[in-house]
Amino acid sequence: MRQDWYRDAVFYELYVRAFADGNGDGIGDLAGLTARLDYLQDLGVDAIWLLPIFSSPLRDDGYDVSDYFDVHPDYGTLEDLRTLIEQAHRRGLRLVVELIPNHTSDRHPWFQASRDPDHPDHATYRDWYVWSETADRYADARIIFLDYEPSNWTYDPRRGAYYWHRFFSHQPDLNYDHPAVQEMMLEVVRFWIDQGVDGIRVDATPYLYEREGTNCENLPETHTYFKRLRAFVESYAPHVMLLSEANQWPEDVRAYFGDGDEFHMNFHFPLMPRLFIALAQGEYEPIRRILERTPEIPPSCQWGTFLRNHDELTLEMVTPEERAFLWDYYAPDPRMRLNLGIRRRLAPLLGNDGRRIRLAHSILLTLIGSPFLYYGDELGMGDLITLPDRAGVRTPMQWDDGPNAGFSAAPAGRLYAPVIDASVYGYRQVNVRRQRADPDSLLNWLRRALRIRRRHPAFGRGSLDLLLPENRAILAYLRRYGEETLLLVHNLSPEAQEVDLPLPAGVAGRPADLWTGEVAEVGRSLRLRLEGYGFRWLGL
Ligand code: NOJ
Ligand code: CA
């Protein structure tokens, strides 16, 4: 088994609740997903990342865990999970689950014991969470869920003290200064590895420890603990990939790779909003600047890149001016805004313009890192801003134009969330069956793109050199790996553009279009004409 498989992989993020309902109760489940694996194999992704499937009161869609060692009954059983993994592996698909180490649900028995002095296990769990007599400690830590929480401390009358939480007040932070907590989270990891998973996406990594006088993010103690976690995985199951969610500036994220001894992968959060700025402004500068600020990472490591995910499009890692621009441009209706972000899906963000959606994907698939697709975006699904919080980007997958979009056999009123039924993005127009039958659909385009990407290891492993033509509407770069040099050219503007690209010494020759196989004769430079939002993938 190739241990650094994640460096060539395309990931598909999905919410089990939203994907396919196997037992007709209106809620997507593991059996439903298992029955749809052929779709994912045919699409051409390599790995599936499941949003939380653990026991939970679901006040944060499972990021509020009440039992780390079981599957939520809505989704099935551990047995169902093992079946899913086995069936995925048969199709060459890998499976990534979540680890939510920073906090639990307030319903978790550990918290119940911790908060209640009369609880029989109080002595054991008393210090498993971060308690304080006052609410003024760690005053330099920012509030993340700004639209919901006034403070990172909430008073618990039972214990007569405040507990610390970086997210919702129903998600108390675990106390990593307690050795038993440190040990327990390794047990949790061992348990999910034993179920057969290939990777673990670790939630909210910057916040494990708190220290007075700091912003309580990225602390050295936090890195020490994750190195310990990695050492455990290395000794127990070295093929298992660890992916960190650190929504931080590139120089701070760099530390989460360590010397190749911490996380295998980190999401590149700051790149994402700059792709949207570049698309809106029609020029490559924002992308150039963030790539310039992106440090080298150890050779065994990889960036995770994405356009959208299950959360709001976060605007934490931008300047206030950039945030104002993005909010104005992409979230004109205040209901589209959430915390420091935008709660919309990709297709509506890009005006449902097929050229821009393809262009955005083309950049995602060819720039640095391993790309993550978000379920439904391969169809150009829409969102429902009438639903609260982030629920509007987590609606049922649109399979066909039958009842409930083919998602569930339950009566429509019993679905966990409504299927999108509005004209443009409604399931009668936007669905898998229809796009499969249409050779020009987004789905079929993406299928082809993934097949081409798979043939060229330079996309996952190659170096990146930006070409920076004078025409700033043209984002062009070389990816080189071994003998291969690829030239990727993107027109960020709506108008057709001409560009002269100087070719590096030694590679001038006969570039072949990776999509059409067409070969062009060129000299020392390559003159290209691109349609508005057009792009070319060339092998030199
Ligand atoms: C990040 C997750 O992506 C988000 O959905 C969740 O609400 C927070 N972490 C808290 O766990
Ligand atoms: Ca179900």
Side-chain angles (χ1 to χ4, degrees), residues 13-36 49-54 56-66 68 71-77 80-81 84 96-106 108 143-149 152 164-174 200-208 217 243-248 266-267 269 272 304 306 308-314 316 338-341 343 372 374 388-394 396-397 404 406-411 414-417:
E13 176 193 1
L14 70 80
Y15 186 30
V16 171
R17 202 172 193 76
F19 204 62
D21 176 10
N23 66 352
D25 65 353
I27 299 172
D29 45 49
L30 294 168
L33 166 56
T34 306
R36 295 287 190 174
W49 156 30
L50 304 185
L51 292 183
I53 50 169
F54 321 110
S56 162
L58 298 178
R59 293 181 67 191
D60 185 13
D61 280 342
Y63 286 100
D64 47 334
V65 179
S66 56
Y68 283 95
V71 165
H72 193 292
D74 283 355
Y75 304 143
T77 62
D80 293 331
L81 178 71
L84 167 68
V96 176
V97 292
E98 292 268 349
L99 175 74
I100 299 137
N102 180 66
H103 46 268
T104 69
S105 161
D106 59 359
H108 197 293
I143 295 169
I144 296 168
F145 285 165
L146 277 168
D147 287 0
Y148 298 97
E149 299 294 342
N152 288 325
W164 179 249
H165 53 87
R166 290 312 299 266
F167 295 93
F168 288 122
S169 59
H170 59 75
Q171 287 166 320
D173 275 36
L174 285 160
I200 299 176
R201 181 261 195 196
V202 184
D203 183 66
T205 47
Y207 314 107
L208 286 202
E217 301 184 18
L243 158 67
S244 140
E245 185 220 15
N247 187 354
Q248 301 283 331
N266 272 281
F267 286 117
F269 275 93
M272 180 275 299
F306 59 100
R308 287 295 294 113
N309 63 21
H310 64 290
D311 288 325
E312 68 272 31
L313 188 166
T314 130
E316 280 162 71
L338 177 70
N339 302 316
L340 283 185
R343 52 189 207 106
F372 283 68
Y374 183 51
D389 197 0
R390 293 152 289 173
V393 300
R394 302 178 184 179
M397 178 71 174
N404 301 328
F407 159 73
S408 170
R414 286 193 55 205
L415 301 194
Y416 79 92

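It should be emphasised that the depicted structure is a prediction, and the values quoted were computed from it without experimental measurement. For ligands, and for the atoms within them, numbers begin at 1 and follow the listed sequence.
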Report task. For ligand 1, find out whether one of its N or O atoms is nearer than 3.5 Å to an N or O atom of Gln171. Result -> no
**Report entry** Ring centers of Tyr15, His310 separated by less than 6.0 Å
**Finding:** no
Starting at [atom1] of [X], measure out to [atom2] of [Y] and round the result to the nearest 0.5 Å.
X      : Y      : atom1 : atom2 : answer
Asn339 : Asp311 : CG    : CG    : 9.5 Å
Arg166 : Glu217 : CZ    : CD    : 5.0 Å
Thr314 : Met272 : OG1   : CE    : 5.5 Å
Phe407 : Arg36  : CZ    : CZ    : 10.5 Å

Report task. With heavy atoms only and a cut-off of under 4.0 Å, state how Arg201 meets ligand 1: side chain, backbone, both or neither. Result -> side chain
Between [X] and the Ca ion (ligand 2), is there a contact where an N/O/S atom of the residue lies under 3.0 Å from the metal?
X     : answer
Asp74 : no
Ile27 : yes
Tyr75 : no

Query - Heavy-atom proximity to atom 5 (O) of ligand 1, best of Asp311, Asn102, Thr314 - result: Asp311
Query raised in the report: His170 side chain to Asp106 main-chain N or O, any donor-acceptor pair under 3.5 Å?
Result: no
Report task. Check whether any side-chain N or O of Asn404 sits under 3.5 Å from a backbone N or O of Ala410 as a donor-acceptor pair, and report yes or no. Result -> yes
Please name the atom of [X], limited to N, O or S, that comes nearest to the Ca ion (ligand 2).
X     : value
Asp21 : OD1
Asp29 : OD2
Asp25 : OD1

Report summary line: For atom 6 (C) of ligand 1, the closest protein heavy atom turns out to be Asp60 OD2, 3.4 Å
Query raised in the report: Can you tell me which residue and heavy atom of the protein come closest to atom 1 (C) of ligand 1, and the distance to 0.1 Å?
Result: Asp203 OD1, 2.9 Å
Requested in this report: Using a strict 4.0 Å cut-off to heavy atoms of His103, name the atoms of ligand 1 that fall inside it.
Outcome: 10 (C), 11 (O)
Query - Atom indices of ligand 1, in the order listed, that fall short of 4.0 Å to a heavy atom of Arg390 - result: 4 (C), 5 (O), 6 (C), 7 (O)
Report task. Starting from the C-alpha separation in whole Å, work towards a yes-or-no answer on ring pair (Phe, Tyr, Trp, His ring centres under 6.0 Å) for Tyr374 and Phe306. Result -> CA-CA 8 Å; Tyr374 183 51; Phe306 59 100; over 10 Å; no
Query raised in the report: If you measure from each heavy atom of Phe145 to ligand 1, is any distance below 4.0 Å?
Result: yes
Query - Stepwise ring pair (Phe, Tyr, Trp, His ring centres under 6.0 Å) check, Phe168 with Tyr63 - result: CA-CA 10 Å; Phe168 288 122; Tyr63 286 100; over 10 Å; no
